[in-house]
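One structure below.
It should be emphasised that the depicted structure is a prediction, and the values quoted were computed from it without experimental measurement.
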Amino acid sequence: MTTHAPQAAQAVTLPTTLDEAVAALTAVPAAVPVAGGTDLMAAVNSGQLRPAALVGLGRINEIRGWQYLDGHALLGAGLTHARMGRPDFAALIPALAAAARAAGPPHIRNAGTLGGNIASAAPTGDALPVLAALEATLIIAGPGGARREIPVSHLLAGMDMLRAGELIGYVRVPLLHAPQVFLKATGRTGPGRAAASVALVLDPARRGVRCAVGAIAPMPLRPLEAEQWVGSLIDWDNNRALVPEALSAFGEYVAAACIPDAAPAEDGSVAQLPPAVLHLRRTVAALARRALGRALS
């Protein structure tokens, strides 16, 4: 399990149901759940983590698929990136499928899971801005068969954390039946690792645009004012028309909201942002502009 010599024997539990996994975590509070292990095992191999016990989630079939439920898609937390990247899933939630296909090389996509992407909450997690833009909710499994729902944004922002013995069981995603786009720029941050990403979805029922920017902050950022502004300019009754100038303005609006100028000094002067930050702002603007253009085309 690791390239380093283990310091102590690790107990491994392999439950076959979600409630069995919760019971195992409750019985051994120091145990760590593991699904694909793409983040966990990297931490173990680097010496950053030495779990006392592991609870493997790979045999829990109930969280490895997805189903329709009251205008939503109920996605199992054990869905792999490879599975989400397939055409049938892409027809359901295109932006999440695009993020899954961009999640890295094949061995990462085959192992990494949706729930792991959320639980590790790495800023560069490709699924996170998509789930934020879709306003997805998490179904959390707890001791005694308990279930509770929280918005995915609350977990990522630290507003509502997983409690002892709890696991992410499912992700509930509204089906908008409208264009949605995921784009990312990788830069020099590593193979497939995002330097910045943008998820954008249209919501015709609300006549609105939802946008989330990932990788540039500890959690995905929602430029709400930019969303409201561009949503008011789109002609929803005429093929969602929008003047070209508004596309560029939207990109700049999103970038400025997510990467604002430095605060004025006491003398009123404003320091210029470092070149690297300015480059990142231009990258976010370009991604947001292109994402909206593709969604409206």
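- Side-chain contact between L138 and I118 is present, with at least one heavy-atom pair separated by less than 4.5 Å.
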**Request:** Give the intermediate values and the outcome of side-chain contact (heavy atoms from CB on, under 4.5 Å) for residues V198 and F182.
**Result:** CA-CA 6 Å; V198 168; F182 171 80; over 6 Å; no
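- Residue-environment remark: CD (E149) exceeds the threshold of 12 foreign heavy atoms within 6.0 Å.
- The hydrophobic clustering, which links ILVMFWY residues whose side-chain heavy atoms are closer than 4.5 Å, places Y68 and L79 together.
- Under a cut-off of 6.0 angstrom, the local environment of CG in N238 is crowded, with over 12 non-hydrogen atoms contributed by other residues, nucleotides or ligands.
- Between L156 and P220, the closest side-chain pair of non-hydrogen atoms falls below 4.5 Å.
- By the 6.0 Å contact criterion, CZ on R147 is enclosed, its count of non-hydrogen atoms from other residues, nucleotides or ligands being greater than 12.
- At most 12 heavy atoms of other shown residues, nucleotides or ligands fall within 6.0 angstrom of atom CZ in R59.
- In summary, E227 and R210 do not engage in a salt bridge, as defined by a charged side-chain N under 4.0 Å from a carboxylate O.
- Counting heavy atoms of neighbouring residues, nucleotides and ligands inside a 6.0 Å radius, atom CD of E62 exceeds 12 of them.
- The heavy-atom pair separating P204 from R240 by the smallest distance is CG-NH2, 3.7 Å.
- Using a 4.5 Å heavy-atom cutoff, the side chains of V209 and I234 are in contact.
- The same ILVMFWY cluster, assembled from side-chain heavy atoms under 4.5 Å apart, contains both L287 and W229.
- When all heavy atoms of G78 and T113 are compared, the pair lying nearest together is O-CG2, 3.7 Å.
- Proximity of Y170 to L75: side-chain heavy atoms (C-beta onward) are nowhere separated by under 4.5 Å.
- Here OG1 of T38 is found 7.5 Å from CG of N117. Values are rounded to the nearest 0.5 Å.
- A 4.5 Å side-chain heavy-atom check between M159 and I150 finds every atom pair outside the cut-off.
- Closest non-hydrogen pair, L25 versus P33, comes out as CD2-CD, 3.9 Å.
- Residues I60 and A21 share a closest heavy-atom pair of CD1-CB, 3.8 Å.
- Here S297 contributes atom OG and R290 contributes atom CZ; the two are 14.0 Å apart, rounded to the nearest 0.5 Å.
- Going from atom CD1 of I259 over to atom NE2 of H279 covers 10.5 Å, rounded to the nearest 0.5 Å.
- Annotation: the span from W66 atom CH2 to R83 atom CZ amounts to 6.5 Å, rounded to 0.5 Å.
- In terms of heavy atoms, P15 sits closest to G56 at CD-O, 3.1 Å.
- The hydrophobic cluster containing L18 does not contain I140, counting ILVMFWY residues as joined when their side-chain heavy atoms lie under 4.5 angstrom apart, directly or transitively.
- Considering only heavy atoms from C-beta on, R294 stays 4.5 Å or farther from P179 through its side chain.
- Defined by atom type and a distance below 3.5 Å, a donor-acceptor pair is missing between the side-chain atoms of S232 and Q228.
- A salt bridge between D126 and R109 is absent, with no side-chain N of the basic residue lying under 4.0 Å from a carboxylate O of the acidic one.
- Pairing each heavy atom of G251 with each of A288, the nearest pair is CA-CB, 4.0 Å.
- By the 4.5 Å heavy-atom criterion applied to side chains, V277 and R282 are not counted as neighbours.
- To the nearest 0.5 Å, atoms CG (L176) and CD (E135) are separated by 8.5 Å.
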**Test side-chain contact (heavy atoms from CB on, under 4.5 Å) applied to F89 and L96, step by step** = CA-CA 9 Å; F89 190 92; L96 192 53; 3.9 Å; yes
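- Hydrophobic clustering of Ile, Leu, Val, Met, Phe, Trp and Tyr side chains at less than 4.5 Å, counting indirect connections, keeps L134 apart from V254.
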**Request:** Apply the test side-chain contact (heavy atoms from CB on, under 4.5 Å) to residues L167 and L57: give CA-CA distance (whole Å), side-chain angles for both, the deciding distance (0.1 Å), then the verdict.
**Result:** CA-CA 10 Å; L167 278 172; L57 308 179; 4.1 Å; yes
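- No salt bridge links E245 with R289; every basic N to acidic carboxylate O contact stays at or beyond 4.0 Å.
- No side-chain heavy atom of V171 sits less than 4.5 Å from a side-chain heavy atom of H72.
- Under a hydrophobic-cluster definition in which Ile, Leu, Val, Met, Phe, Trp and Tyr are linked whenever side-chain heavy atoms come within less than 4.5 Å, directly or via other members, V284 and V230 are assigned to the same cluster.
- Classification of E252 and R281 as a salt-bridged pair fails, no side-chain N sitting under 4.0 Å from a carboxylate O.
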